[in-house]
Amino acid sequence: MLHPTPTPVLRGGTRAPAAALRLSLDTVRTLPPQVARPTYDVGSLRAGVVHLGVGAFHRAHQAVYLDRLAELGHRDWGVRGIGLRSNSHREELAAQDHLYTVVELGAGEPRARVVGVLRDYLPAGGAAETAAAVAALADPLTRLVTLTVTAPTYACATSAPGAPSTAFELVARALQVRRRAGRPPFTVLSCDNLPGNGAAARRCVVEAAEALDPRLALWIEQHVAFPSSMADRITPPTAPEHRRMLRQDLGVHDRAPVVTEPFSRWIVQDSFVGDAPPLAEAGVDLVTDVRPHVEAKMRLLNAGHVALGFLGAATRHGTTDEAMADPATGTLVERMLADEVCPLLDPVPGLHLPSYLGEVLDRLRNPAIADPLGRLRRRGSVRVRNYVLPSLERAVLEGRPHALLTDVVAAWVDQLRRAALALEEGRARSADLADELADPALADLLGPASRAAHDVRPFLAAAAGFERLATRPTFVAALQRAVTDREVGARAAAS
C-alpha cells in the first residue's frame, strides 16, 4: 500500500462545506485537509511516460506509483494518456486539469488523495487523433510506454481499414518515426493481466511493424525492451455513491474519481532500454523473473474470483463479499486456495505465500470493494483456462487433492448448461447470452454443455486447454459426477 504522503482519512459524517469545490489546479490547494493533494508543482512535470488505455485500473495503480515519484522530486515521469476505443472520462478529466481523486476503501475509514501526474489525455478516433497519438509516442521526452489494453487485445489482429489503430500499431508507427529520426527507442511495459505479458507485447508490436517494414521489425527485436510485469490491485467501478461521498463528506466535486482497495503491488522485470524511472523508490519490486509472482497472483486472487463467480451462481449472492460471508461458498473457496492451490505454488522470492493468501482472502471479504459475481463469470472459458486449469492440471498429474478445483469446473459447465437450456426453451436470446457471458468460445461450448450431465467428454474435447485432463479417466469420472450432481440438484430445487 503506497501513500506518497500520509493520506488523510475520510471521517464518515464530516459536514461538507456549503458548496463543494470543483476539482482543478485553481482549487486543489484549498481543498479540505482531509484530502491529500500533490505537494509538487504539477505544472513542472515533464511527460516521460505515455500510457495506452486510460481506464480506472491505470489511474488507481500505475499512475499512483508515478505520482509518488513526483512527490519524491522526480519531475520527468509525468503521464500523457492515449485513449483507444474508449475515451473513458476524458472530457471530465480535461475539465478538472486532469486531476482526479483516488479513494481507498478498506476495513477502516476511507482515504482520499488527489493525483496530479496525468498531464494530458489524447482521444481515440480518426486520422488526426492517430497522428497526435503517434507524435506523443515519438516525442523525444517519451522514454516509457505502458499498456493496460485488456488481455483479449493481445490476439494481435491489425485494425481494419478506416478503423482506429490498435495500441500495437500506434507503438510500431511511433518506433518507425523514432528510428528514421535517429532517436533512441523507448521501453514498452505491459501491465495487462496475462502470463508473459512482456513477450506478448513484443510479439504484437513486431507483428504490427512487419506490416510497415520488415527492417523496422528487426530493429525493434534488437533494440526495444519489453519487460514483463504483474500489477495487483482490485479496482471496482466507481459508483454514484462514491462521488456523493466525496461531495458531501469532503466538499470535493470530482467528476472522475476512482475507488480501489488499500492493497497494491507492482512487480516489474528489471529490463529497460535507455533512461528508466526509479520505480523502486516508489515501492515497485524490480525483479529478474516475474513469473512466480504472476503465478501466485493468478492462481490465488484471480482463481478465487473465478471460484466465487461460478460457485456463487447457484446462490442468491450478488457480490464477492456476500459469497465469502456464506459459510458454505466462502469456506469452499478458502479451502480450495489453502489446501489445493497454495501447496502447488513454487516459492516466490520475497513473498511469504501463507501471508499473501491471508491478504487475498481478506481482500475478497472486503465489502467496500465488492465485485459483482456476474462480472466474474464473463469470459468463462478464458478465466477457467488461465486461472483454474493450471492448478487443476498439476494437481491431477501429481496425484494431489483437487476435488474443489474440479467442482469449480463443474459449476462453469453447469452455468453453460443452464444458458443452453434457457436458449432452447426460449427464455433467452442468443444475443443476450453473448452479451451476458462474453465468452469467445460460447458457440462451441453450449451444445456439449447441454449434454454434459450425461457425458462430459464432448465438452472436454471442445474446451481449449483440457486436452491432457481429458485423457485421465479418473479425472473425467470425477468431473462427470460433479456435473451430474449439479444438474440433479438444480432439478430438485426447481420441483
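Values below: every heavy atom of this structure, side chains too, minus hydrogens, waters and symmetry copies. FYI, the numbering just counts along the sequence from 1.
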- Message: Go through it in stages, so that I can follow the logic: the residues are Glu169 and Arg173, the test is salt bridge (Lys or Arg N to Asp or Glu O under 4.0 Å), and I'd like the CA-CA distance, side-chain angles, deciding distance and then a yes or no.
- Response: CA-CA 6 Å; Glu169 289 171 324; Arg173 289 176 60 181; over 6 Å; no
- Item | Evaluation steps, salt bridge (Lys or Arg N to Asp or Glu O under 4.0 Å), between Glu393 and Arg472 | CA-CA 10 Å; Glu393 185 174 79; Arg472 298 280 171 154; over 6 Å; no
- Message: I'd like to know whether Val64 forms a side-chain contact (heavy atoms from CB on, under 4.5 Å) with Val117, so could you lay out the CA-CA distance, the side-chain angles of the two residues, the decisive distance to 0.1 Å, and finally the verdict.
- Response: CA-CA 8 Å; Val64 173; Val117 78; over 6 Å; no
- Query: Where do Ser381 and Asp439 land on the side-chain hydrogen bond (donor to acceptor under 3.5 Å, both in side chains) test, with the steps shown first?
  - Reply: CA-CA 7 Å; Ser381 65; Asp439 195 320; 2.5 Å; yes
- Task: Could you please spell out the steps behind the side-chain hydrogen bond (donor to acceptor under 3.5 Å, both in side chains) verdict for His293 and Arg265?
- Result: CA-CA 10 Å; His293 298 272; Arg265 288 183 78 218; 3.2 Å; yes
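Salt bridge Glu71/Arg113: present, at least one basic N to carboxylate O contact under 4.0 Å. Salt-bridge check for Glu207 with Arg203: failed, with every basic side-chain N at 4.0 Å or more from each acidic carboxylate O. A salt bridge does not link Asp346 with Arg299: every distance from a Lys NZ or Arg NE/NH1/NH2 to an Asp or Glu carboxylate oxygen is 4.0 Å or more. Between Arg481 and Asp485 there is no salt bridge, since none of the side-chain N atoms of the basic residue sits less than 4.0 Å from a carboxylate O of the acidic one.
A donor-acceptor pair is defined here as one N or O able to donate and one able to accept, closer than 3.5 Å; no such pair exists between the side chain of Glu436 and the backbone of Ala431. Using modelled atom types, one side-chain atom of Glu340 and one backbone atom of Leu405 make a donor-acceptor pair closer than 3.5 Å. Under the 3.5 Å distance criterion, the side-chain polar atoms of Thr101 are left unmatched by any main-chain donor or acceptor of Ala112. Between the Glu261 side chain and the Ile234 main chain, a donor and an acceptor come within less than 3.5 Å of each other.
In terms of heavy atoms, His242 sits closest to Pro237 at CE1-O, 4.1 Å. Nearest heavy atom pair, residue Asp275 against residue Trp77, reads O-CH2, 4.0 Å. Closest of all the heavy-atom pairs between Ala428 and Leu423 is O-CD1, 3.4 Å. The two residues Thr484 and Ala453 have their closest heavy-atom pair at OG1-O, 2.8 Å. Taking every heavy atom of both residues into account, Phe272 and Leu279 meet most closely at CZ-CD1, 4.1 Å. Here the shortest heavy-atom pairing between Val145 and Val171 reads CG1-CG2, 4.3 Å.
Residues Ser264 and Glu104 form no side-chain contact, since every pair of their non-hydrogen atoms from C-beta on lies 4.5 Å or further apart. For the pair Glu424 and Ser450, the minimum side-chain heavy-atom distance is 4.5 Å or more. Under the 4.5 Å side-chain criterion, counting only non-hydrogen atoms from C-beta, Arg486 is not in contact with Val413. Side-chain contact between Asp362 and Asn366 is absent, with no heavy atoms from C-beta onward closer than 4.5 Å. In this structure the side chain of Val206 never reaches within 4.5 angstrom of the side chain of Val224, judged on heavy atoms. Within the 4.5 Å cutoff, no side-chain heavy atoms of Arg417 are placed close to those of Val483. Leu300 is listed as a side-chain neighbour of Val341, based on a closest heavy-atom distance under 4.5 Å. Between Thr146 and Gln62 there is no side-chain heavy-atom pair separated by less than 4.5 Å.
With rounding to the nearest 0.5 Å, the separation of CG in Leu397 from CG in Leu392 is 9.0 Å. To the nearest 0.5 Å, atom CG of residue Leu361 and atom CE of residue Met324 are 5.0 Å apart. A distance of 10.0 Å separates CG of Leu72 from CG of Asp67, quoted to the nearest 0.5 Å.
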Distance-only donor-acceptor pairs under 3.5 Å for side chains of residues 187-198, two or more places apart:
{"residue": "Thr187", "atom": "OG1", "partner": "Val273", "partner atom": "N", "Å": "2.9"}
{"residue": "Thr187", "atom": "OG1", "partner": "Val273", "partner atom": "O", "Å": "3.4"}
{"residue": "Ser190", "atom": "OG", "partner": "Tyr154", "partner atom": "OH", "Å": "2.7"}
{"residue": "Ser190", "atom": "OG", "partner": "Asp192", "partner atom": "N", "Å": "3.3"}
{"residue": "Asp192", "atom": "OD1", "partner": "Val149", "partner atom": "N", "Å": "2.9"}
{"residue": "Asp192", "atom": "OD1", "partner": "Thr150", "partner atom": "N", "Å": "2.8"}
{"residue": "Asp192", "atom": "OD2", "partner": "Val149", "partner atom": "N", "Å": "3.0"}
{"residue": "Asp192", "atom": "OD2", "partner": "Tyr154", "partner atom": "OH", "Å": "2.7"}
{"residue": "Asn193", "atom": "OD1", "partner": "Lys297", "partner atom": "NZ", "Å": "3.0"}
{"residue": "Asn193", "atom": "ND2", "partner": "Tyr387", "partner atom": "OH", "Å": "2.9"}
{"residue": "Asn197", "atom": "OD1", "partner": "Ser229", "partner atom": "N", "Å": "3.0"}
{"residue": "Asn197", "atom": "ND2", "partner": "Ser190", "partner atom": "O", "Å": "3.3"}
{"residue": "Asn197", "atom": "ND2", "partner": "Asp192", "partner atom": "O", "Å": "3.0"}
{"residue": "Asn197", "atom": "ND2", "partner": "Ser229", "partner atom": "O", "Å": "3.0"}

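In this model, a donor atom of one side chain and an acceptor atom of the other lie less than 3.5 Å apart for Thr148 and His51.
Other residues, nucleotides and ligands contribute at most 12 non-hydrogen atoms within 6.0 Å of the CZ atom of Arg429.
The only option from Val388, Leu311, Leu404, Asp407 that meets the side chain to side chain contact (heavy atoms under 4.5 Å, CB included) definition with Met336 turns out to be Leu404. A side chain to side chain contact (heavy atoms under 4.5 Å, CB included) with Leu170 is found for one member of Leu52, Leu175, Val205 and no other, namely Leu52.
Judged by the 6.0 Å and 45° rule, Arg383 forms no cation-pi pair with Phe310. Taking the centre and axis of the six-membered ring of Trp266, the NZ or CZ atom of Arg233 falls outside the cone set by 45° and 6.0 Å. Annotation: cation-pi geometry not satisfied between Arg202 and Phe226 (NZ/CZ under 6.0 angstrom from ring centroid, within 45° of ring axis).
Using cut-offs of 30° and 60° for the angle between ring planes, the Phe57 and His61 rings count as parallel. Between Trp412 and Phe459, the two ring planes are perpendicular [angle over 60°; tilted spans 30° to 60°].
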